[in-house]
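What follows is a single structure, written as structure tokens, with notes after it.
Indexing begins at 1, ligand by ligand and atom by atom, following the structure's order. Each residue takes its place number in the sequence, starting with 1.
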Amino acid sequence: MKTVLMVAEKPSLAQSIAKILSRGSCSSRKGLNGACSVHEYTGSFMGQSVRFKMTSVCGHVMSLDFIGKYNNWDKVDPAELFSTAPTEKKEANPKLNMVKFLQVEGRGCDYVVLWLDCDKEGENICFEVLDAIQPVMNKAYCNESTVFRAKFSSITDTDICNAMNHLGEPNRNEALSVDARQELDLRIGCAFTRFQTKYFQGKYGNLDSALVSFGPCQTPTLGFCVERHDKITSFKPEPYWVVQTKVSRGKDVSLTLDWDRVRVFDREVAQMFLNIVKTAREARVESVSKKEKAKQRPQALNTVEMLRVASSALGMGPQHTMQIAERLYTQGYISYPRTETTHYPENFDLTGALRQQASNPFWADSVKALLSEGINRPRKGNDAGDHPPITPMRSASESELGSDGWRLFDYITRHFIATLSYDCKYLQTTIAFSVSTESFTCTGKTLISAGFTEVMPWQSIPEEESLPVCERGDVFTVDEVKLLEKHTSPPDYLTEAELITLMEKHGIGTDASIPVHINNICQRNYVTVESGRRLKPTNLGIVLVHGYYKTDAELVLPTIRSAVEKQLNLIAQGKANFKQVLQFTLDIFKRKFHYFVDSIASMDELMEVSFSPIAATGKPLSRCGKCHRFMKYIQAKPSRLHCSHCDETYSLPQNGAIKLYKELRCPLDEFELVLWSTGSRGKSYPLCPYCYSNPPFRDMKKGMGCSECTHPTCQHSLNSLGIGQCVECENGVLVFDPTSGPKWRMACNKCNVVVHFFENAHKVRVSSESCESCEASLVIVDFNKARSPLPGDETQHTGCAFCDPVFQDLVELKHAAMRHPMHRGGAGRRQGRGRGRRPAPKKPKDKMAALAAYFV
Ligand SMILES: [Zn+2]
Ligand SMILES: [Zn+2]
Ligand SMILES: [Zn+2]
Ligand SMILES: [Zn+2]
Ligand SMILES: [Zn+2]
């Protein structure tokens with residue numbers, strides 16, 4: 001029997017789709033990476049009986065990065081990143097072992113059906129999956145096609161089965177446009193960010209950012225927020241005057257009239273009009289007009305409109321909204337939430353979707369009325385050809401969806417019902433008056449039929465007192481005439497909703513990337529989110545934008561980015577060449593980069609006003625390995641070390657104390673080591689400031705301490721002090737902390753695990769020999785004669801911390817013993833001596849649970 005492999009974008013989607021296609025009769029098992037499951041069943045495919053295997057990835061399989069040495073900030077001129085630096089695709093999350101997993105499941109399969117989400121990112125992941133599995137799949141007969149793409153917009157029986165019956169092919173051009181965007185963002189973003197970060201952090205002591213980043217789309221986004229800020233600060237309120245008149249007829253009718261001139265900006269002119277109006281006792285009705293007006297029902301919902309309303313009406317940020325919308329989609333409540341389309345295709349079953357909502361108490365009445373009366377045709381919108389507008393696919397209750405999930409679903413559903421409802425109709429009455437030689441009017445609205453506003457009450461026409469019945473020639477008494485002095489007021493900071501509108505209008509960012517860019521400028525401390533979800537730029541954000549503007553306005557203006565995104569769309573449509581677009585864009589930005597570097601001084605002039613120079617901050621701590629003078633420790637976040645002689649800045653781990661480590665030096669570069677610790681109960685490890693910023697060996701990451709360094713002979717390295725595999729996490733190593741005596745401990749170099757042992761021992765060392773049964777390094781422990789807990793008169797013992805019977809009571813392994821490879825599978829528990837005196841090591845979060853929560 002032949003095998004068909006099917007791959008979805010997330011584990012939960014694979015499960016839902018498999019359930020639908022197998023009619024609930026699939027069997028499931030965990031995949032080798034623990035994160036993905038495989039659902040199997042038999043069925044028919046292209047007229048033959050086959051075995052189906054449905055599984056998933058967890059988002060992108062690969063991510064783009066520079067190869068090894070180009071990740072070193074100190075050894076590479078950022079200008080090289082535009083052209084010379086080669087890139088490679090690396091596994092996006094090595095812990096998930098996705099490529100291996102796909103190959104294990106894909107080996108020997110005959111066909112593959114790609115069920116990735118139907119947007120450009122999904123198309124890109126299709127080819128990542130194919131790259132992994134095609135080499136291990138069975139060879140096709142003749143030219144039989146073996147690769148299929150399923151196109152679907154919601155996780156419902158109809159949509160999924162329909163997709164299975166109309167399989168197509170993956171679209172290489174769309175995938176390429178994503179590759180192009182990734183490469184442009186990586187090269188341009190990294191070059192500018194590295195140069196700026198090094199330059200500014202090396203120059204200013206109180207710069208409040210860990211990273212001074214530049215992004216070809218992120219920066220124009222920030223630009224909009226700062227532009228508004230500039231308007232606010234340069235705003236000069238102007239006084240103006242309004243003539244207000246109140247008239248009445250009899251006791252019951254009293255009206256406040258609007259002046260036809262609205263306002264004047266000259267006090268004397270205003271005074272003159274006041275005097276004219278004041279002389280009159282009567283207001284004469286010149287005309288009465290009645291007009292029937294309509295408030296249009298909304299267009300069908302697309303992503304940006306959903307983000308706007310979620311932010312302004314529900315108080316939910318774009319990133320958060322997208323996460324919730326995706327969850328609703330994955331669980332089958334709504335159709336795919338990433339779409340630009342506001343137009344329903346002709347064959348879309350609107351009535352069917354509406355019928356789903358007929359039993360929901362919150363809008364059942366409106367839905368039933370519509371169903372019996374017949375739905376209205378939705379307004380014509382824009383058909384981007386990707387997906388239908390965002391539509392509720394089934395009914396739901398608040399208890400099923402959770403608070404935010406329900407609020408978003410409630411909105412999406414009401415919006416959907418509104419698009420099928422009738423326009424709201426009202427009568428607008430305008431009475432025009434003349435008072436002396438001046439004209440005034442008074443308008444009122446009365447509702448004729450509520451239409452869609454019944455289901456969207458926040459859109460309804462506010463109830464007003466109705467206007468009196470009168471006709472031309474009627475006379476009212478003037479009760480009061482006065483001059484109001486007012487001031488023009490400045491605009492407020494941009495709301496998220498306004499920012500989304502601006503990004504959409506200028507063609508920067510897509511439905512997928514708008515939330516990401518907005519989130520980035522918040523997280524990187526360039527704007528803060530104020531009440532009403534208004535975005536207020538920080539000092540740093542303002543200085544950066546002003547600086548770019550001064551050197552090269554195009555770095556901030558949306559024009560270039562929008563042009564690039566147009567080119568990317570042309571690649572996706574097969575109308576532009578991937579390589580040419582890339583080359584052309586990089587050339588432009590390379591020239592911009594050189595110009596920026598040459599003009600950096602003009603940025604400095606702005607920075608100096610807001611930030612203090614690094615030479616004036618910090619205190620001497622450790623010696624530089626290049627010039628052997630003292631470097632200054634700058635405690636303000638991000639804390640770092642600065643050598644003013646070499647004019648170099650080195651990053652440090654954050655959120656802990658830093659002190660000099662026994663004046664020891666790194667054998668590789670002679671920098672003095674410093675010790676980072678989070679207090680007496682927490683973790684600590686020594687690190688070399690140079691190696692921390694510039695990993696000495698390939699495959700080491702930035703930000704590693706000596707406890708992770710693989711230097712073969714250094715006495716502070718992992719090689720010398722590593723004891724054994726971590727008891728909690730997969731890749732961690734428990735490393736002995738030689739500074740921890742007399743409360744000796746070892747700590748994992750990856751997770752939070754700390755294991756205490758040999759309390760009050762005089763000396764603890766790690767031997768070069770290892771345990772025969774568990775391969776952990778042996779430890780040599782010396783106790784004082786008087787207080788030795790060792791049997792007999794012994795003061796020294798060498799053994800394995802995990803297996804040695806003499807040591808068993810001296811190691812706080814309650815937690816560890818159950819998990820260590822030696823003891824998995826039910827060996828007896830041991831009770832460490834430390835138990836009861838000190839809290840057990842903090843249990844790290846269950847990884848699978850955390851992962852599962854992330855990928856719902
Ligand atoms: Zn130096
Ligand atoms: Zn070093
Ligand atoms: Zn080292
Ligand atoms: Zn660990
Ligand atoms: Zn052992």
Angle subtended at the Zn ion (ligand 1) by C627 SG and C646 SG, rounded to 10 degrees: 110°
Ignoring hydrogens and geometry, is there a side-chain-to-backbone donor-acceptor pair from [X] to [Y] under 3.5 Å?
{"X": "K683", "Y": "C748", "value": "yes"}
{"X": "T197", "Y": "T193", "value": "yes"}
{"X": "S602", "Y": "T551", "value": "no"}

N/O/S atom of D669 inside 2.8 Å of the Zn ion (ligand 2), strictly under: yes
Metal proximity, C709 vs the Zn ion (ligand 2), N/O/S cut-off 2.8 Å: no
Side-chain heavy-atom pair V545, P537 within 4.5 angstrom cut-off: no
Metal-centred angle, the Zn ion (ligand 2) as apex - SG of C688, SG of C691, 10° resolution: 110°
The Zn ion (ligand 1) reached by C624 (N, O or S, under 2.8 Å): yes
Distance flag, aromatic centroids of F807 and F758, threshold under 6.0 Å: yes
